[in-house]
Amino acid sequence: MNQSMRLCHRIQHGSFPCELSFSLFQLQQVKVIDIDERNSNSNGSYNPTGTAEEAHCNQRLMAQIYVCRHGQDMDNVAGILNGHRDEPLSALGKSQAAALAQKVKDEQLQLNAIYTSPLRRAKETAEEVGRSTGVPVVVMADLIERDFGVLTGKPYADIPKYAGENVVQTDKVLYFLSAEGSETFDKCIERAHRVLNDVDARHKGDHVLLVCHGDIGKMLVAARKGMGWRDGLEAPYFANTEVRQL
């Protein structure tokens, strides 16, 4: 059983805590690189249909992508809708990130690349993994969390006040579908497709970790599976430092 199959098996069977991570070589410092946001013409979704031969060929042409949500940040602690707010990790969040990095190292997952959202909570999480693996951490603008518009910085309890009935209740989260100035989920999933196409083009067959956020993370999963954004929201809760293989 290869490393990605073994990791996927253990995730599916509950062998890992939520504080999971991915690492490679040991290094003293993390190199953080910024890249420009891509504006590629890539709004098409991944189509999982076709023959077995086509599916096998598609797998060779795609990266092996792992999506990780950041560790707990100070807004999470306070019950604040963060969106583009740039709060640091909490003490628990730092412990979660460290546990993630150690787990990646223990599992010997051979990462070829690590990309992170530009927001501090994701970067701090990614840098823990980068320090443990020696893999450079690259900032990708399209991995930023959904813009919450007028709800940015508001308590969760204010969602009905600003979004009314334009919400979706899932297992643990009440999602607002739109609010003044917010990014809609159809735009968010377009961005997720752009990320996946960009990573696949750069890293055919490579193992790649994307460290991001709850909403864009769910859209990345939905985009890879050929699902719409609404079905993506209905997926199980995306916990802090949880990792999902796409």
Side-chain angles (χ1 to χ4, degrees), residues 2-12 16 20-27 30-38 40 42 44-46 48 55-71 97 100-101 103-119 122-145 189 191-214 216-226 232 238 241-246:
N2 64 33
Q3 62 179 342
S4 61
M5 292 174 63
R6 174 163 44 86
L7 180 62
C8 184
H9 174 81
R10 293 192 64 188
I11 291 171
Q12 290 172 346
F16 286 110
L20 183 62
S21 170
F22 301 119
S23 20
L24 185 54
F25 317 106
Q26 290 185 331
L27 205 70
V30 178
K31 184 179 181 183
V32 179
I33 305 168
D34 286 291
I35 62 172
D36 294 332
E37 180 175 354
R38 304 295 169 190
S40 58
S42 54
S45 62
Y46 165 59
H56 182 64
C57 181
N58 284 339
Q59 286 181 342
R60 291 202 308 267
L61 294 175
M62 296 188 299
Q64 296 293 315
I65 297 177
Y66 305 87
V67 177
C68 177
R69 186 182 171 205
H70 60 82
L100 173 67
K103 184 60 69 174
V104 172
K105 181 179 177 181
D106 291 346
E107 290 299 313
Q108 299 181 348
L109 181 64
Q110 302 297 301
L111 288 176
N112 302 104
I114 300 172
Y115 290 94
T116 180
S117 158
L119 296 176
K123 286 176 66 178
E124 290 179 353
T125 303
E127 286 166 4
E128 281 288 341
V129 181
R131 273 190 288 273
S132 179
T133 62
V135 178
V137 175
V138 179
V139 175
M140 180 179 282
D142 269 342
L143 287 175
I144 198 168
E145 179 59 300
I189 200 168
R191 184 155 54 88
H193 282 298
R194 191 160 65 235
V195 168
L196 296 176
N197 288 341
D198 193 4
V199 172
D200 284 336
R202 292 168 176 270
H203 299 285
K204 292 180 176 64
D206 287 346
H207 292 261
V208 179
L209 175 65
L210 306 180
V211 183
C212 54
H213 310 269
I216 183 61
K218 277 196 168 187
M219 293 302 100
L220 287 164
V221 174
R224 194 58 134 191
K225 291 178 178 291
F238 207 157
T241 60
E242 180 181 351
V243 176
R244 295 184 184 178
Q245 183 176 0
L246 304 188

| task | Might you work through the side-chain contact (heavy atoms from CB on, under 4.5 Å) test for His207 and Gln64, ending with a clear yes or no? | result | CA-CA 5 Å; His207 292 261; Gln64 296 293 315; 3.8 Å; yes

| said: So which atom in Arg191 and which in Asp142 form the shortest heavy-atom distance, rounded to 0.1 Å? | reply: NH1-O, 2.6 Å

| note | Taking every heavy atom of Ala222 against every heavy atom of Ile189, the minimum-distance pair comes out as CB-CD1, 4.0 Å

| remark: Between Ile144 and His213, the two heavy atoms sitting closest are C-CD2, 3.9 Å

| request: List the atom of Val67, the atom of Cys212, and the distance in Å for their closest heavy-atom pair. | output: CG1-SG, 3.7 Å

| Shortest non-hydrogen contact from Ala63 toward Val199 | CB-CG1, 4.0 Å

| task | Evaluate side-chain contact (heavy atoms from CB on, under 4.5 Å) for Thr116 paired with Leu143, printing each intermediate quantity in order. | result | CA-CA 7 Å; Thr116 180; Leu143 287 175; 5.6 Å; no

| said: Go through it in stages, so that I can follow the logic: the residues are Leu209 and Leu109, the test is side-chain contact (heavy atoms from CB on, under 4.5 Å), and I'd like the CA-CA distance, side-chain angles, deciding distance and then a yes or no. | reply: CA-CA 10 Å; Leu209 175 65; Leu109 181 64; over 6 Å; no

| request: Check whether any side-chain N or O of Arg224 sits under 3.5 Å from a backbone N or O of Leu246 as a donor-acceptor pair, and report yes or no. | output: no

| said: Between Gln245 and Val243 (side chain of the first, backbone of the second, donor and acceptor by atom type, cut-off under 3.5 Å), is there such a pair? | reply: no

| query | Would a distance-only check, ignoring hydrogens and angles, find a side-chain to backbone donor-acceptor pair under 3.5 Å from Thr241 to Gly71? | reply | no

| said: Looking at every non-hydrogen atom in both residues, tell me the closest pair between Lys123 and Ser117 and how far apart they are. | reply: CG-O, 3.2 Å

